[in-house]
Amino acid sequence: MAPDEARSGVAPIIATEVGASAGRCRDVPWPTGTWRLLLRAAVRDVAELLHELELEPASCGIEPDSASEFPLRVPRGFVAKMRRGDPMDPLLLQVLPRLAERVAVSGFLTDPLAELHAAPVPGVLHKYRGRVLLVATGACAVHCRYCFRRHYPYAEASVSRDLDAALQYLRRDASIREVILSGGDPLMLSDEALGALLRELDGVPHLERLRLHTRVPVVLPERLDDGLIATLDRSRLRKVVVLHANHAGELDATLGAALAPLRERGVNLLNQSVLLAGVNDDADALCDLSEGLFGLGVLPYYLHLLDPVAGAAHFTVPVDRARALADDLRERLPGYLVPRLVVEVPGRASKLPVDLREGDV
């Protein structure tokens, strides 16, 4: 999401050591460090991406933006899942900078969830009872165009700014049982940096659970190598990994194989999606996603209404349409495969189920 952050003092624990990716099936575990080489090879040029997909910019029909301030980054393995010659491919639409992002729309803000007001110390977001989110890094393996933190000031507002203050905050509040690592993407941390952070969290006696919110396994499955698995194994905390996949086209056997070591260790695997116009605002697409996730041992968790972040208004799905899709899913799927349709409202004590919310969203 953001440029790699400078490190100082205790902050090296959360260094962002980033590189680039291209997914490939393997019958044996990926060598530790493969993901860095692949990440360095990520596509960062709009013209190159369109060339790879056999698309001509002039006839693309979606007005790509080669000069976006929020630059393109997409691993080649994720590009390989896109349909050649199709400018409306749902995976492409999630990552391609478009001129529509430059259109200012009322109500779409740079801090749509008022997160900077929920930070008692830099990089600590304490919005909900019993759990705290740490903004561990500003780096991501892929730049999603609908990202609600695309304008987030990572250099000033991540835990690298003052990790000691973040840890002291956790230690002082015995009501906090769960810590959520987010970003950016926490799996962009090196094994060394992530392991050092987990050791600090293990030392907070009242913490019981560790939740990792990550899109990395979906776009860069090679990151789930033996080194990372060993790093997670060493933590005493009970683990939940929340993936982020929006479309069944993002799922494949390579992802399933990468997740297998987590499943074998009893890690709870969930998925959250964002409802996006042109990507997954279709009952068939959402059913396919839920079924595909379950086939990989992952349970659908949340289906979010789009957070109103500046630059993403063109992804908006009307609330009535969202509710109709949720109704359709309940009719077609067993309850455990129906993600909860929710919206996040600044200042509220939890995410709100859209079906139960009064008034317009």
Side-chain angles (χ1 to χ4, degrees), residues 1-19 36 39 69-71 73 109-128 131-144 146-173 176 178-204 207 210-216 220 223 228 231-232 235 237 241-242 244 272 307 309-311 344 346:
M1 279 186 185
D4 301 345
E5 300 170 46
R7 301 182 286 159
S8 61
V10 71
I13 291 176
I14 54 167
T16 58
E17 299 164 344
V18 295
R36 295 173 181 275
L39 189 54
E69 293 182 359
F70 184 45
R73 175 188 269 180
L109 311 171
T110 57
D111 184 13
L113 303 182
E115 291 191 314
L116 297 179
H117 297 288
V121 297
V124 175
L125 302 182
H126 197 175
K127 297 188 285 186
Y128 304 141
R131 52 207 185 274
V132 161
L133 183 147
L134 301 185
V135 180
T137 174
C140 278
V142 63
H143 289 176
C144 301
Y146 52 87
C147 178
F148 68 94
R149 291 197 184 119
R150 59 184 289 170
H151 307 286
Y152 192 85
Y154 289 101
E156 296 81 28
S158 68
V159 291
S160 62
R161 183 78 175 187
D162 192 343
L163 182 58
D164 284 340
L167 293 170
Q168 289 171 15
Y169 183 84
L170 290 174
R171 294 187 187 107
R172 284 196 303 266
D173 190 342
I176 300 171
E178 178 175 84
V179 63
I180 303 164
L181 298 187
S182 184
D185 196 304
L187 294 191
M188 291 293 282
L189 296 175
S190 68
D191 295 341
E192 178 185 25
L194 180 61
L197 177 56
L198 295 186
R199 286 193 296 274
E200 295 284 0
L201 296 176
D202 283 344
V204 180
L207 288 181
L210 170 71
R211 197 190 324 170
L212 294 160
H213 280 234
T214 177
R215 188 148 163 78
V216 162
L220 186 59
R223 178 64 186 102
L228 177 61
T231 298
L232 295 176
S235 172
L237 300 173
V241 172
V242 182
H244 181 175
Q272 61 180 8
D307 294 315
V309 62
E344 186 160 0

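Computed over heavy atoms, backbone and side chain alike; hydrogens, waters and symmetry mates excluded.
- Residues R131 and R211 form a side-chain contact, since some pair of their non-hydrogen atoms from C-beta on lies under 4.5 Å apart.
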(request) Just do the side-chain hydrogen bond (donor to acceptor under 3.5 Å, both in side chains) check on R149 and S182 with the steps written out, would you? (result) CA-CA 11 Å; R149 291 197 184 119; S182 184; 3.0 Å; yes
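- Within the 4.5 Å cutoff, the side chain of H213 has no heavy atoms near those of the H244 side chain.
- For the atom pair CG (D307) and CD (E115), the distance works out to 8.5 Å, reported to the nearest 0.5 Å.
- In terms of heavy-atom proximity, S158 sits nearest to S160 at OG-OG, 2.8 Å.
- Here the straight-line distance linking atom OG1 of T231 with atom CZ of R199 works out to 8.5 Å at 0.5 Å rounding.
- Considering all non-hydrogen atoms of both residues, P112 and P346 come closest at O-CG, 3.4 Å.
- For the atom pair T137 OG1 and L197 CG, the distance stands at 11.0 Å (nearest 0.5 Å).
- Taking both residues in full, the closest heavy atoms of K127 and L113 are given as NZ-CD1, 4.4 Å, listed atom of the first, atom of the second, then distance.
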(request) May I have the step-by-step check of side chain to side chain contact (heavy atoms under 4.5 Å, CB included) for T214 and V241, ending in yes or no? (result) CA-CA 7 Å; T214 177; V241 172; 3.9 Å; yes
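- Between Y128 atom OH and E178 atom CD the span is 12.5 Å, to the nearest 0.5 Å.
- The shortest side-chain heavy-atom distance between Y152 and V135 falls under the 4.5 Å cut-off.
- At a threshold of 4.5 Å between non-hydrogen side-chain atoms, the residues P71 and H143 count as touching.
- In this structure, the side chains of F70 and H151 stay at 4.5 Å or more apart for every pair of heavy atoms.
- At a threshold of 4.5 Å between non-hydrogen side-chain atoms, the residues V242 and I180 do not count as touching.
- Here the side chains of L181 and L194 are in contact, with some heavy-atom distance below 4.5 Å.
- Residues L109 and V309 are not in side-chain contact: their nearest non-hydrogen atoms beyond the backbone lie 4.5 Å or more apart.
- Considering all non-hydrogen atoms of both residues, S190 and R36 come closest at CB-NH2, 3.2 Å.
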(message) side chain to side chain contact (heavy atoms under 4.5 Å, CB included) for L201 and L167? Distances and angles first, verdict last.
(response) CA-CA 8 Å; L201 296 176; L167 293 170; 4.2 Å; yes
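- For the side chain to side chain contact (heavy atoms under 4.5 Å, CB included) test with L134, the passing option among L125, V159, L163 is V159; the others fail.
- Of the residues listed (L170, V121, V132, L133), the one engaging H126 in a side chain to side chain contact (heavy atoms under 4.5 Å, CB included) is V132, and it is the only one.
- Under 4.0 Å is where a charged nitrogen must lie from a carboxylate oxygen, and between R171 and D164 no such pair does.
- Side-chain N or O atoms of D185 include one that pairs as donor or acceptor with a backbone N or O of R215 at under 3.5 Å.
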